[in-house]
Amino acid sequence: MRVDVMGVDMAHSERTINSIIWRLTGGLFIIFLVVFDHWTKGLALVRLRSGDLDLIPGILKLHYLQNTGAAFSILEGQQSFFLLLTPLLILCIVVFALTTPPSKKFLPLHITYCFLISGAIGNFIDRVVQGYVTDFIYFYLIDFPVFNVADIYVTISMITLILLVLFAYRDEELEEILPWKRWGLKRKK
């Protein structure tokens with residue numbers, strides 16, 4: 001243990017500063033992603049209300065849609081359900097993000113958390129402010145449901161999270177990120 005003149009544990013101070021930097025960086029990244037999502041939704045609102053825009057004829061177009069359901073319009077019209085569930089899910093993800101050690105080995109996990117939180121916040125803001133989520137990206141070649149940038153964040157981050165848990169981290173490494181482990185609680189087996 002390195003101790004300075006004042007008797008402060010220098011290694012602990014460095015870890016604390018490192019942790020604060022990781023959290024600030026993650027918070028700023030989340031803000032950037034949410035702002036980008038809402039910027040694209042604003043563009044869709046302004047540019048697409050008068051009609052669709054074919055980006056790749058026969059394959060991809062921008063099509064304005066007010067979605068009162070979840071991703072890909074599932075659970076249509078269940079706004080109160082989403083208004084209750086979304087903050088709880090965001091809170092759970094934030095807890096995992098804060099209990100995951102700020103180290104290079106967990107950087108992919110931290111980035112995944114940021115995208116997942118951003119997507120959830122982006123669509124949650126729409127639901128609270130407008131009563132619906134603005135969707136506008138449509139692959140009409142396969143008649144895929146209309147979606148938005150926040151949906152992309154959530155979908156890709158969930159796939160990435162599954163891949164990371166299954167293939168990138170060993171069980172011992174995953175044990176490090178479990179909140180109850182960090183809080184000194186024992187898991188029942």
Side-chain angles (χ1 to χ4, degrees), residues 18-45 55 60 62-75 78-79 81-130 132-139 142 144-170 173-179 182:
N18 188 28
S19 179
I20 291 169
I21 290 170
W22 274 69
R23 289 174 181 168
L24 284 175
T25 304
L28 290 173
F29 187 50
I30 289 168
I31 291 169
F32 170 79
L33 291 172
V34 170
V35 167
F36 180 73
D37 170 59
H38 277 270
W39 177 72
T40 61
K41 290 172 181 173
L43 282 176
L45 179 66
L55 292 180
L60 176 68
L62 300 180
H63 169 77
Y64 180 80
L65 176 73
Q66 295 177 354
N67 179 1
T68 60
F72 316 123
S73 298
I74 58 174
L75 296 172
Q78 301 296 320
Q79 288 302 321
F81 173 73
F82 295 115
L83 291 174
L84 293 172
L85 183 65
T86 304
L88 293 175
L89 292 173
I90 291 170
L91 180 63
C92 288
I93 299 162
V94 167
V95 167
F96 272 92
L98 293 176
T99 58
T100 300
S103 65
K104 287 182 183 178
K105 100 174 147 181
F106 291 120
L107 181 60
L109 204 49
H110 281 282
I111 292 170
T112 301
Y113 293 146
C114 288
F115 275 97
L116 194 53
I117 292 167
S118 300
I121 290 173
N123 284 340
F124 183 72
I125 290 170
D126 277 3
R127 284 190 183 92
V128 169
V129 173
Q130 303 171 156
Y132 60 85
V133 174
T134 301
D135 287 338
F136 58 91
I137 303 168
Y138 179 48
F139 283 103
I142 58 173
F144 196 77
V146 183
F147 58 97
N148 61 45
V149 173
D151 294 336
I152 295 170
Y153 295 164
V154 171
T155 303
I156 291 177
S157 62
M158 286 306 298
I159 291 167
T160 303
L161 185 61
I162 290 167
L163 292 174
L164 287 172
V165 168
L166 291 178
F167 302 112
Y169 298 111
R170 295 183 315 272
E173 292 171 319
L174 292 173
E175 284 286 326
E176 289 180 52
I177 67 171
L178 297 174
R182 299 280 296 223

Approximate separation, where rounding is to 0.5 Å, of [X] [atom1] and [Y] [atom2]:
{"X": "Lys105", "Y": "His110", "atom1": "NZ", "atom2": "NE2", "result": "11.0 Å"}
{"X": "Asp126", "Y": "Gln66", "atom1": "CG", "atom2": "CD", "result": "10.0 Å"}
{"X": "Ile121", "Y": "Leu89", "atom1": "CD1", "atom2": "CG", "result": "12.0 Å"}
{"X": "Ile159", "Y": "Thr112", "atom1": "CD1", "atom2": "OG1", "result": "11.5 Å"}
{"X": "Leu65", "Y": "Phe147", "atom1": "CG", "atom2": "CZ", "result": "12.0 Å"}
{"X": "Ile31", "Y": "Ile117", "atom1": "CD1", "atom2": "CD1", "result": "11.5 Å"}

Where does the angle between the aromatic ring planes of [X] and [Y] fall among parallel (under 30°), tilted (30 to 60°) and perpendicular (over 60°)?
{"X": "Phe139", "Y": "Phe144", "answer": "perpendicular"}
{"X": "Phe32", "Y": "Phe29", "answer": "parallel"}
{"X": "Tyr169", "Y": "Phe106", "answer": "tilted"}

Side chain to side chain contact (heavy atoms under 4.5 Å, CB included) assessment of Leu84 paired with Leu88: CA-CA 7 Å; Leu84 293 172; Leu88 293 175; 5.8 Å; no

Intermediate values then yes/no, side chain to side chain contact (heavy atoms under 4.5 Å, CB included), Leu43 and Phe136: CA-CA 10 Å; Leu43 282 176; Phe136 58 91; over 6 Å; no

Flag, side chain of Thr99 to backbone of Ile177, donor-acceptor distance under 3.5 Å: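 Here the side-chain-to-backbone pair exists.
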
Check: Val154 main-chain N/O paired with Ser157 side-chain donor or acceptor under 3.5 Å: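 Yes: the side chain of Ser157 pairs with the backbone of Val154.
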
Modelled atom types, side-chain donor and acceptor of Asn123 and Asn148, under 3.5 Å: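 Per modelled atom types, Asn123 and Asn148 side chains form a pair under 3.5 Å.
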
ring-ring contact (aromatic ring centres under 6.0 Å, His included) against Tyr132, all qualifying residues, sequence neighbours excluded: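 Once residues adjacent in sequence are excluded, Tyr132 has no partner under the ring-ring contact (aromatic ring centres under 6.0 Å, His included) criterion.
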
Residue pair Leu109, Leu161: steps toward the side chain to side chain contact (heavy atoms under 4.5 Å, CB included) verdict: CA-CA 7 Å; Leu109 204 49; Leu161 185 61; 3.5 Å; yes

Pairwise side-chain contact, His38 with Thr134, heavy-atom cut-off 4.5 Å (strictly under):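 Of all side-chain heavy-atom pairs linking Thr134 with His38, none is under 4.5 Å.
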
Single hit among Asp135, Val146, Ile137, Asp37 for side-chain contact (heavy atoms from CB on, under 4.5 Å) with Asp151: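 One option only clears the test, and that one is Asp135.
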
